[in-house]
Each structure stands twice: as structure tokens, then as C-alpha cells.
Amino acid sequence: MAESAPKSSSTFLIFGALLGALGWGAASLGPVQGAEQSAIPDFAATSSIGWIASGSGFGTDFVQPPSGPAPVTNDPAHPYVTNVAAAATGKQPTFRVADLSNPILQPWAVERMRKANQDVLAGKVAFTADARCFPSGVPSFLLFPANPVRFVQTPKEVLMVWQQDAQIRHVYLNQPHSAHPAPSWYGESIGHYENGDTLVVDTIGQNDKSFVDNYRTPHTTQLHVIERFKLIDGGKTIDVQIHVEDPGAFTTPWNAIQRYRRVEDGPMIEMVCAENNGSYFNYDVVPIPQAAKPDF
């Protein structure tokens, strides 16, 4: 994705054109037929298959690993109540407040997140990439909510497409990283298949404009992420094991887990995420420039 902030657009047509350029029909979203198909996991058997990051505690937050350094989670002094939980319990929904005692955080990251926490506690709307129509970056792409992610597998590339505004991750297969990839929102992702059931994705070259999670945890351009996508539960679930390194933002590498459940909901529909030029939901960011008078 380009380095500049995304523009509102009708992106499903672009998606279809991209599939055509790769030699794929609109109804063919699974791996290319060939001798090696049995040796790779099939994440997209038909055009109606999508994957939603939810169920059994998985969703818009990473799950902690069994042991060792783990991702930032919620401050227990300020419980996080989702809209779903609020509807079920009658409680007031809240925004996330990060637990700053997590030892993975460098001091500068703690202070930046402390300011974000204070803004939330003062009543401001918390930033999330999906609400803001921003690219999420990696690994935060794994936390996109509600709408399914579709996989397009070709011999040279895997595409991951989030339905809500058709954001696309490109994973290039079986090639080395560039010597000096230009920083971008999603960086440079290089992948390969292992053991016939796992897609391994290695990502570098991201800019420092995104967050690694929905707690507004920052990172630097040194961010290095390795994801392992594996089919489990008889192909009904994708288990994603995440390894994160960034010596500029974290004191140590850390691990996290995400899982997607399989859904069959028909072909991917067009959904457009449109920015609000005037207020951006009161986020503390520079608004889109607007002309004071017409040019003609």
C-alpha cells in the first residue's frame, strides 16, 4: 500500500481487475490447480469462504502465549467492555486502556501510550485503524473486526483481502527480501509453505505510522514480524502464531496468537470506508486539507 493516507474508493473493482491480471477467474479464489496443490494448505476453497477473527476469546485483541513475553493487554483498573458485552449485560461500553506495566515496552513507548490512555480516560474517542479508514499494518491486520478476510493463493503470491474496505496484503512467495525495502504501511511480506499445512510470512520494511494492536502500541521502522498460518480443526479454523521483534520499541521479542473461524457467506461484497474530512471522529490528527474557495 502506498505511503500516503488511503483515499476513499470503490475498491472491489480493483480487486477483480487484480485477479484478472493474475490469471484468475472471479469465482476461483483457491490455490492454482497443479502438482503442488496437495502440498499446501487451502485457505480459500471457494469464492464463498471467508475467515473472521472471532470466537473462543479470539477477535480484536491478541491472545497471550502460554508463556514468555506477551502483547499489551487491558489495564485491569479500567475494564474493557465491548459493544457486544454491553448489549448482553447492560453495562456501559468503554474504550481500551492499555496496561503500561507490560515489561516489553521501551520507556518512550510507555510515555506515548500514557498520553493516549489519558485522552481516553478524559472522554476522547480512542483511535483504531478500522474506524479511521487507515491501513492497519502488520501484525494489526490480524485484528480487523466483524467482516471476513479472504485469501487468494497463486503460485507466486498470496493476497489477504479484508472485506470491509478491501484492504489488501501482498505476500510474495519463495523469494528473498529486498536489500532496502522502502517503508510502507504493510511493508514487504515474503512467504513460503511448510509441512503442507502452514504458510509462513516474514514482514519487514514498515513505516512507523501504524500501531501493532488496538491498544495504540507504537513501533519503529525496525519492526520485524513472522506469522505462521496453519489450518486446524479439520480446516474450520486458521491458527496464527505471531512473533514480533522491534528493538526500537520493545525490550525483547514477544509472541501472540490469533485465530480465524471459517464462514461461508457468499461472494465478497463491496464495502467502502470513507473518511470524515471535518472531524475524523475528533481524533488528534491533521485533517484533510480543504480549499477555502473554489478554484474556478
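Because the structure is predicted, anything quoted here is derived from the model rather than measured.
- Side-chain contact annotation: R96 with T60, donor-acceptor N/O pair under 3.5 Å present.
- D202 and H224 form a side-chain donor-acceptor contact under 3.5 Å, judged by distance and modelled atom types alone.
- Once rounded to the nearest 0.5 Å, the distance linking CZ of F144 with OG1 of T128 reads 9.0 Å.
- A search for side chain to side chain contact (heavy atoms under 4.5 Å, CB included) contacts involving S140 returns S136, L143, not counting sequence neighbours.
- Of the charged side-chain nitrogens involved, none lies within less than 4.0 Å of a carboxylate oxygen, so that K230 and D239 do not count as a salt-bridged pair.
- Considering only residues two or more places apart in sequence or on other chains, F95 meets the ring-ring contact (aromatic ring centres under 6.0 Å, His included) condition with none of them.
- For the atom pair CG (N117) and CG (D99), the distance works out to 9.0 Å, reported to the nearest 0.5 Å.
- Applying the side chain to side chain contact (heavy atoms under 4.5 Å, CB included) test between F151 and each of L159, V161, I238, V171 identifies I238 as the sole match.
- By the 4.5 Å heavy-atom criterion applied to side chains, Q206 and S184 are not counted as neighbours.
- Aromatic ring centroids of F127 and F211 lie under 6.0 Å apart.
- Partner E227 forms a side chain to side chain contact (heavy atoms under 4.5 Å, CB included) with one of V138, L199, V244 and no other, that one being V138.
- Between the side chains of H170 and E157, at least one donor-acceptor pair of N or O atoms lies under 3.5 Å.
- Taking the charged nitrogens against the carboxylate oxygens, D233 and R261 have no contact shorter than 4.0 Å, which rules out a salt bridge.
- The hydrophobic clustering, which links ILVMFWY residues whose side-chain heavy atoms are closer than 4.5 Å, places Y260 and I226 apart.
- From N207, atom CG reaches atom CH2 of W185 across 5.5 Å, with rounding to the nearest 0.5 Å.
- Each of V63, V225, V201, V212 was compared with I242 under the side chain to side chain contact (heavy atoms under 4.5 Å, CB included) criterion, and only V225 meets it.
- Atom CD in Q167 sits 11.5 Å away from atom CZ in R169 (nearest 0.5 Å).
- For T220, the side chain to side chain contact (heavy atoms under 4.5 Å, CB included) test picks out W108, Q222, D246, A249, with sequence neighbours left out.
- In terms of the ring-ring contact (aromatic ring centres under 6.0 Å, His included) criterion, residue partners of F250 (sequence neighbours excluded) are, by chain and number, W254.
- Between the side chains of Y172 and E188, not a single donor N or O lies within less than 3.5 Å of an accepting N or O.
- Residues that satisfy the side chain to side chain contact (heavy atoms under 4.5 Å, CB included) test with V81, not counting sequence neighbours, are A85, A86, K91, T94.
- Residues forming a side chain to side chain contact (heavy atoms under 4.5 Å, CB included) with H78 (at least two apart in sequence, or on another chain): D75, V97, L121.
- Looking only at atom types and distance, the side chain of H243 has a donor-acceptor partner in the side chain of E245 under 3.5 Å away.
- With rounding to the nearest 0.5 angstrom, the CD1 atom of I204 is 8.0 Å from the CD1 atom of I190.
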